[in-house]
Structures are given as C-alpha cells and as structure tokens.
Q: 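Below: one structure in structure tokens.
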Amino acid sequence: MAAHDRTGRAVAIVGGAALAVWLLTRGKGTSVPGPGNNQNAARSAARVAVWVRADRIEVDGVAAELPIVSERARAAGAAEVRATGDAITGVVWNVLRALHGA
C-alpha cells in the first residue's frame with residue numbers, strides 16, 4: 001500500500017513539472033532568431049508606437065496632434081496603439097478611427 005502512495009505522488013510531481021514547463025515555454029517568447037525571422041523584424045520595425053495619454057498623444061515617444069499621428073502611421077504602414085489608464089475613452093476612439101481611415 002505504501003508503494004502505491006509513492007507512485008501516485010511521483011506521477012503527480014512529474015505531471016505538474018511537465019505542465020509547468022509546457023506553460024512556460026509556449027507563446028511568442030520561445031522562438032529562436034534565425035534567417036526566416038528577418039521579415040518579422042522588418043515588419044515590426046516599420047510599425048509606429050502610438051500612446052494615448054490623459055493630456056497628449058505620443059508617436060514613438062514624441063507628443064503629436066492627431067493629423068500628424070495618422071500621417072506617420074500611414075507612412076510607416078502600421079501602428080500599435082496603446083492607452084494609459086487615465087486616457088479619455090473618446091480620445092482613444094478618435095485616434096483609432098483616424099488610424100483606420102489612414
């Protein structure tokens with residue numbers, strides 16, 4: 001009976017360890033850079049970062065007005081839009097509409 005208890009415990013430990021390894025290694029962070037990943041790097045480099053804050057809109061860390069934001073996103077071809085917690089929802093929607101129209 002004691003051997004059976006140890007076997008169950010060992011299976012639970014090994015299964016838990018395997019689950020932890022699987023959960024930690026899945027996702028985007030596990031890819032190894034190689035010759036095929038140059039296209040992804042070029043694509044992400046062409047993307048501008050747009051932050052909508054409570055008092056301003058930033059494009060790649062520089063404060064800008066909405067027409068300039070959409071102009072730079074159009075020139076880059078893509079934009080990654082993020083908003084801080086204190087950003088006004090209406091401003092975020094206006095930025096998104098302007099970028100979708102660009």
Side-chain angles (χ1 to χ4, degrees):
M1 192 86 163
H4 181 19
D5 289 339
R6 279 192 236 150
T7 303
R9 190 176 309 143
V11 169
I13 290 172
V14 170
L19 178 65
V21 167
W22 178 72
L23 288 173
L24 291 173
T25 58
R26 68 184 183 126
K28 296 179 182 176
T30 60
S31 65
V32 177
N37 290 346
N38 291 338
Q39 294 173 348
N40 292 337
R43 194 177 317 149
S44 65
R47 187 178 293 179
V48 295
V50 178
W51 277 92
V52 182
R53 302 188 186 277
D55 57 345
R56 66 188 178 281
I57 303 169
E58 294 179 359
V59 180
D60 292 332
V62 178
E65 296 294 323
L66 190 54
I68 296 171
V69 171
S70 60
E71 181 180 309
R72 291 199 50 200
R74 186 180 312 118
E80 183 175 336
V81 179
R82 296 185 179 197
T84 58
D86 58 349
I88 300 168
T89 308
V91 175
V92 175
W93 281 112
N94 289 341
V95 169
L96 290 174
R97 278 191 213 113
L99 291 176
H100 280 288

Q: Inspect the surroundings of CD in Glu65 and state if more than 12 heavy atoms from other residues, nucleotides or ligands are less than 6.0 Å away.
A: no
Q: Which pair of heavy atoms, one from Val92 and one from Ala87, lies closest together, and at what distance?
A: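 Scanning both residues, the minimum pair turns out to be CG2-CB, 4.1 Å.
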Q: Indicate the atoms forming the closest heavy-atom contact of Ile88 with Ala54, along with that distance.
A: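 In this case the closest contact between Ile88 and Ala54 is CD1-O, 4.3 Å.
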Q: Membership question, hydrophobic clusters at under 4.5 Å side-chain separation (ILVMFWY): are Val91 and Leu66 in the same one?
A: yes
Q: Should Val95 and Trp93 be counted in the same cluster of Ile, Leu, Val, Met, Phe, Trp and Tyr side chains packed under 4.5 Å apart?
A: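 Same cluster.
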Q: Can you check side chain to side chain contact (heavy atoms under 4.5 Å, CB included) on Val81 and Leu99, steps first, answer last?
A: CA-CA 9 Å; Val81 179; Leu99 291 176; 3.3 Å; yes
Q: Which heavy atom of Ala63 sits nearest a heavy atom of Arg56, and at what distance?
A: CB-CD, 4.1 Å
Q: Work out which heavy atom in Val48 is nearest to a heavy atom in Arg72; give both atom names and the distance.
A: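 Residues Val48 and Arg72, closest heavy atoms: CG1-O, 4.0 Å.
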Q: Determine the minimum heavy-atom distance between Ala98 and Ser70, stating which atoms define it.
A: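 What the structure gives for the nearest pair is O-CB, 4.1 Å.
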